[in-house]
Structure formats: structure tokens, C-alpha cells
2 protein chains.
Amino acid sequence: MGVTIKDIAKAAEVSYSTVSKALRDSPLVKEPTKQKIIKIAAQLGYQPNVAARSLVSKKSHTIGIVWPTIERVTHSALITGLNKRLEELSYTTLISINDMEHAINTFNRYQVDAIVAFDERNSQEPANSTVPIITYGIAHEESPFPTVDVNRKQAVRAAVNYLTEHGHEEITYIGGMTKVDHLQEEKVNGFLEAVQENGIAASSVVIAVEDLESYDGYEAMKKVCAAQAVPTAIISGSHDLSKGILRAVHEKGLSIPGDVSIISYDNIPATESFEVPLSTVGVPLHTITEKLADVVMRLISEEKVEQNIYLEPELKITESCQTRRRS
Amino acid sequence: MGVTIKDIAKAAEVSYSTVSKALRDSPLVKEPTKQKIIKIAAQLGYQPNVAARSLVSKKSHTIGIVWPTIERVTHSALITGLNKRLEELSYTTLISINDMEHAINTFNRYQVDAIVAFDERNSQEPANSTVPIITYGIAHEESPFPTVDVNRKQAVRAAVNYLTEHGHEEITYIGGMTKVDHLQEEKVNGFLEAVQENGIAASSVVIAVEDLESYDGYEAMKKVCAAQAVPTAIISGSHDLSKGILRAVHEKGLSIPGDVSIISYDNIPATESFEVPLSTVGVPLHTITEKLADVVMRLISEEKVEQNIYLEPELKITESCQTRRRS
DNA sequence: CGCTATAATAACAACGTTGTTATTATTGTA
DNA sequence: TACAATAATAACAACGTTGTTATTATAGCG
């Protein structure tokens with residue numbers, strides 16, 4: 001029951017090949033004819049059949065996204081953003097929440113033009129995909145695919161450096177520490193390296209949290225407050241953790257930044273809606289999606305792409321930080 | 001560079017139409033020939049081209065899911081489950097995180113066989129889709145589409161009834177109450193109706209929470225504990241809220257079910273991993289996805305489908321509830 | 001052995017679109 | 001006015017697959 005170019009051709013009293021050209025805005029069609037055809041197409045509610053189109057063009061104008069961990073909220077905003085950006089570039093996204101191999105099979109059938117994989121454990125085997133694949137996560141040389149990587153280590157280092165330069169000598173990092181999640185591990189490593197280099201390793205602490213939920217931050221911060229020596233600055237490993245940390249600070253009656261300065265790692269916007277607008281360090285979400293879409297487009301047009309693409313984090317300081325007098 | 005049936009035909013020295021039949025397991029092909037073709041197809045890593053297939057069959061074997069609110073975690077498990085079920089039925093899902101209208105246009109181009117909409121505010125206008133649409137949410141007669149609805153009101157009523165029958169006379173409901181979210185409102189209404197009918201309206205309380213996160217439950221429960229008269233039973237509006245409620249109870253040193261009985265609304269599994277396995281009332285996730293997939297299949301094969309399909313909740317009582325002696 | 005009935009395979013048209021080639025209409029120029 | 005050059009449109013093939021029809025190979029039987 002779908003409207004095809006043949007229906008339009010009949011209505012406009014031209015051949016269907018003329019309709020095809022008119023709708024693709026070809027200069028081979030006279031302007032008035034073109035206008036007439038476009039108008040009729042709109043009236044009939046014509047939607048081009050992607051199957052037919054991709055069959056002949058060998059392009060589907062579709063990007064596959066592998067996202068096996070749909071429950072992880074952190075990535076949701078990322079995918080939403082990427083999807084929006086790709087729509088702007090008139091690509092459609094096909095999201096698969098299966099494992100890599102299964103997803104690639106599906107995507108091959110659909111002849112997607114490229115695949116973006118959010119699978120953390122980027123598989124070592126080259127996974128026989130006929131189309132370019134790009135992964136988001138931790139870059140390493142052996143990866144068979146180009147990778148876009150947020151430089152998390154650098155981000156946390158920047159936060160530590162900033163705080164040290166502003167007189168802080170007791171800094172506590174609250175975040176995930178499981179070896180499994182490399183993304184979290186990188187941040188911790190950045191912290192440890194930086195405090196070492198700045199000579200404040202002795203007075204610096206890492207508090208490991210179970211999960212990255214708001215409540216975990218809350219509990220961790222309560223622990224921190226209970227200790228005899230409260231640090232002068234906190235670095236939080238994620239946006240959600242920061243929410244909990246703020247609650248704990250609030251309950252304890254401490255002031256920010258009077259008693260404690262806080263910098264939160266994140267790449268989500270919306271940190272401004274907090275009671276205290278948080279200082280943050282990380283790559284803006286917009287930058288990541290922009291870059292991912294950009295690389296995908298380059299891969300599709302078969303341009304060369306660097307193996308590892310690092311995005312540099314930005315340090316955004318607000319009133320949640322203040323300079324510390326040496327005591 | 002993709003492998004087509006013609007490549008297989010050449011390798012197997014048969015015509016391509018024979019290959020097509022062999023791969024679709026047609027009885028028109030002799031068994032040994034069939035086996036040979038299937039083997040070669042596997043060797044070459046053949047994946048049928050969906051574009052070509054759907055062009056000729058007018059079926060895409062693809063289901064579109066409209067999910068504009070990708071950030072809502074609650075639905076994630078639902079979509080993951082639905083996706084898995086549809087895969088079993090050899091359908092692929094196309095998830096769109098755009099608004100209904102935009103999504104329908106995309107889906108029309110892709111010739112999806114049906115659309116499942118998780119958009120809460122199910123639009124009144126019939127949205128000119130050429131394929132059947134089914135919505136998940138609150139059923140009402142005017143909706144232009146068939147709707148699968150969890151009977152939330154009934155669920156909470158069942159919880160209240162159970163508790164009343166077991167001697168509880170002071171019950172508190174903790175949950176969302178904004179008029180905007182009908183899904184939450186229904187539960188509250190169920191509670192209010194039931195306490196009224198059971199004649200315990202005077203001693204029953206509704207605590208409204210801002211959001212449905214774990215922390216909101218925690219805060220609400222702390223408020224409850226602080227009051228002079230602690231209720232003998234709590235009904236929680238969601239799985240996440242329950243997590244926070246349990247923390248608060250734990251902190252306060254109350255025992256479950258000794259001091260307070262708890263029933264949690266939810267349809268997510270994994271409540272068993274809690275310290276105290278919670279009593280729950282709701283429709284099992286599995287039942288919902290099963291039903292949704294079932295209805296979708298019926299719609300595709302053009303069978304008649306009821307306008308509103310109600311799923312009856314199940315009350316699952318564990319050791320988090322106990323009978324209360326009248327004081 | 002020769003013929004028909006049937007099994008097995010091959011050839012072909014169609015799905016809706018695009019790019020190329022062929023045809024027809026229009027214009028410019030001597 | 002006649003003829004080429006060019007503009008506009010139409011016709012056609014192809015993309016990879018499926019369902020239908022046509023052809024060829026095999027078996028059954030008198």
C-alpha cells in the first residue's frame with residue numbers, strides 16, 4: 001500500500017525515471033516539472049523505499065551501533081547524542097543490543113555503511129565485517145579497529161594538578177577501581193601518578209566504590225567525613241557519584257568550597273543544575289559525538305583514519321573550588 | 001564485496017534460483033544438492049541481503065521500536081527483553097529515539113512490519129503509519145492503537161489487600177505522584193482505593209517522592225522512620241525506590257519483617273539479589289515481553305487484536321512480610 | 001523400447017530505485 | 001526554412017532475492 005515513484009509518475013503524467021531525477025534534484029529535469037513532481041510526492045506522502053534504494057546504490061545510509069550493555073545509563077546520553085548527530089547527516093542508526101558477533105551478522109544483512117561499537121572488551125579477533133568498524137573506549141595498539149578514546153588519565157591528572165597548584169595537599173579520589181572496568185582504572189591511575197609527581201602521595205587517598213551510582217558516592221563521602229582528617233579537596237569519578245557526594249557534604253553541614261573543594265569527572269552536561277554548580281573535567285558529550293560521527297563519515301568515504309584518536313579533556317572550574325592557604 | 005546467491009550458484013555449479021530454494025529449504029531441491037549448497041554458503045560466509053529480500057517479499061522482518069526516552073532505565077530491561085524475544089522469532093528490531101512522527105517516517109522508509117511505541121503520551125492523532133502500531137502504557141478507549149497495559153492499580157490493591165488480611169492496619173505507600181506520569185498515578189490511586197475499602201484510610205499515608213531513584217526511596221523512608229508512629233508495612237512504588245528504602249531501614253536498625261513488612265512494586269527480576277529477598281507485586285518482565293511480541297506477531301499476520309490488553313499482576317510473597325498481631 | 005508422469009533444475013519476471021542510454025522536443029544559426 | 005546542437009524526457013538495465021513458469025533429466029510401466 002506504499003506510494004512509489006510510479007504512482008507519482010502516473011499522477012504527474014511523466015515517466016518514473018523523471019520522477020526519480022526530480023526528487024533527487026537532478027539538473028536534468030526542467031524546473032516547473034520538478035516543482036510539480038515534488039508537490040505531488042508530498043501530497044501522496046511519498047517515502048522512498050530504502051530497500052530498493054540501497055539495493056541499487058549498495059549504500060544503506062544506515063549506521064549500526066553495537067551496544068550490548070543497554071542498561072548502563074552512562075552511555076545512554078552518548079548514544080542519544082550520536083543518534084541525533086547522525087540523523088542530521090541523514091543517516092539512520094540501527095542499534096543492536098546483542099554481542100559483537102551476532103550484531104555484525106545482523107548489520108551485514110542490513111548492509112550498514114559502518115559500525116560503531118560500544119562494547120568495552122573490544123574483541124581481539126578481526127570479526128569478519130565487510131564494513132568499517134570503529135570502537136569507543138580504551139585505545140590500544142593491538143585493537144583491530146580505529147578507536148576513539150577519551151583521555152581519562154589525563155583528565156584526572158589535570159584535576160589533581162589544578163588543585164595542587166591552588167594549595168591543596170590532601171586530595172581524595174572517590175571512584176570505581178575494579179580491574180575489569182578499564183575505563184575506571186585509567187582514572188585511578190591518573191590520580192595516583194599525579195599525586196606522586198606532585199609529592200602529595202602520602203596525604204592522598206583513593207576510596208573505592210562498589211558501583212557508580214549516586215548512593216555509592218554518598219556512602220563513600222560519609223566515610224570520608226567520619227575520618228579525623230577531612231581532605232581539602234575531592235575528585236569524583238563520575239557524575240552520578242558526585243550527586244551522592246554532594247548530599248553527604250550537605251548533610252554533614254560542610255560548605256563548598258569553604259571546607260572542601262570538589263571536581264567531578266564527567267562528560268555529561270546538566271551538572272549546572274546541581275545546587276552547587278560543580279567544577280568538572282572531561283570531554284564534553286557534544287565533542288565526543290561530533291568526533292565519532294566525523295570519523296564514521298570519513299571511514300565511509302574511505303579516507304584514512306588514525307588508529308587511535310584521543311580526545312583531550314577540558315577542565316571547567318566553577319565556584320566549587322577555591323585556593324587553599326597553606327596551614 | 002558481499003557474497004550473493006549467484007556466487008554460491010557458480011561455486012556449486014547450479015542456477016541461482018536453485019540456490020535460493022535450497023537455502024530456504026524448499027522440497028523442490030534434491031537433498032544432496034541442497035546439502036552441497038548449504039555447505040558452500042556457509043564456507044563463503046553468505047548473509048542474505050535484506051534489502052533484496054524485503055523488496056520482493058514486501059516484508060522486512062523488522063520491528064520498529066519508538067523509544068524517545070532512552071535515558072529512563074526502567075524501560076531498558078523491557079526493551080532488552082523484547083529485543084531478545086523478537087530475535088528468537090527471527091525479527092530484527094530498529095530502535096528510534098526520536099519522537100513518534102519522525103520515527104514513523106523512518107520506519108515507513110524501512111518498511112518495518114510493525115511498530116511498538118513506548119512513548120508515554122500516546123498521541124491522539126492516528127499518525128499515518130502504513131503498518132500496525134502497538135503501544136505500551138496506560139490503556140484508554142480513545143487511543144488509536146491497541147495497547148498493552150500492566151494493571152498497576154490492581155497490583156497495588158492486591159498488595160494492600162494482602163497486608164490487610166494479614167493484620168496490618170498502618171500502611172505507607174512510597175512512590176511517585178506527579179499528575180504527569182500516569183503510570184505512577186495509577187499506583188497511588190490503587191493504594192488510596194484499597195485502603196478506603198479496607199477501612200484503614202485514616203492510618204494510611206502516601207509519601208510522594210521527587211524522582212524514582214534509589215536515593216529518593218532512602219530519603220522518604222528516613223522521613224517515615226523519624227515520625228512517632230512507624231507503620232507496620234510499606235509498599236514501595238518501584239524497584240529502585242525499594243533499594244533506598246532497604247538502606248534506610250538497615251541504618252535505622254529496624255528488622256524486616258519483624259518491625260516492618262515490605263512489598264515492592266516492580267516487574268524487574270533481580271529483586272532476589274537483595275539482602276532481604278523482597279516480596280513483590282507486578283507483572284513479570286518475561287510475561288510483558290512475551291505478550292508484546294505475541295501481539296506484534298498477531299498484528300503482522302493481520303489477526304484481530306483487542307483494543308486494550310491488560311496484564312494481571314502477580315503477588316509474590318517472601319520472608320519480607322509477616323502476619324501482624326492486633327495490638 | 002518408447003512413451004508418459006513426475007522429479008529436478010533452469011530460466012524468467014517482478015519488487016522500487018538509480019544511472020546510463022535512447023528518443024523526442026526545442027532552440028539557435030546560416 | 002532546414003539542420004545541427006542541445007535540452008528535456010522516456011526507456012532500459014541492473015541491484016539480489018523470491019515465486020512462477022519453462023525446460024530437461026529420471027523413473028515407471030505396458
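To find a chain, count down the sequence lines: A is the first, B the second, and so on, and within it residues start at 1. This is a predicted model, so every value here is computed, not measured.
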Query - First encountered from the 5' end of DNA chain C, between B/Ser57 and B/Ser15 - result: B/Ser15
Query raised in the report: More 5' along DNA chain D: B/Ala52 or B/Lys21, using each one's nearest nucleotide?
Result: B/Ala52
Query - Touch class at under 4.0 angstrom, heavy-atom based, for A/Thr4 against every strand present - result: sugar-phosphate
Report task. Go through B/His61 and B/Arg53 one step at a time and tell me if the side-chain contact (heavy atoms from CB on, under 4.5 Å) criterion holds. Result -> CA-CA 10 Å; B/His61 258 245; B/Arg53 182 176 276 180; over 6 Å; no
Query raised in the report: Does a salt bridge link B/Arg298 with B/Glu306, judged by any charged N lying under 4.0 Å from a carboxylate O?
Result: yes
Report task. Apply side-chain hydrogen bond (donor to acceptor under 3.5 Å, both in side chains) to A/Glu88 and list each qualifying residue two or more places apart in sequence or on a separate chain. Result -> A/Arg85
Requested in this report: Return the 5'-most residue of the pair A/Ile5, B/Thr18 with respect to DNA chain C, ranking by each residue's nearest nucleotide.
Outcome: B/Thr18
Requested in this report: Can you spot which of B/Thr92, B/Asp113, B/Leu94, B/Val131 makes a side chain to side chain contact (heavy atoms under 4.5 Å, CB included) with B/Ser60?
Outcome: B/Asp113
Requested in this report: Applying side-chain hydrogen bond (donor to acceptor under 3.5 Å, both in side chains), name anything that partners B/Glu314, two or more places apart in sequence or on another chain.
Outcome: none
Report summary line: Computed from five pairs at either end and rounded to 10 degrees, the angle between the axes of the helix from C/dC1-D/dG30 to C/dA30-D/dT1 is 60°
Query - Which residues share a side-chain hydrogen bond (donor to acceptor under 3.5 Å, both in side chains) with B/Ser301, sequence neighbours left out - result: B/Glu303
Query raised in the report: Hey, is the main chain of B/Ile95 close enough, under 3.5 Å, to the side chain of B/Thr93 for a donor-acceptor pair?
Result: no
Query raised in the report: Going by number, which of residues 24-39 of chain B have a non-hydrogen atom under 4.0 Å from DNA chain C?
Result: B/Leu28, B/Val29, B/Lys30, B/Thr33
Report summary line: Outer limits of DNA chain C sitting under 4.0 Å from a non-hydrogen atom of chain A, read 5' to 3', are C/dG16 to C/dT20
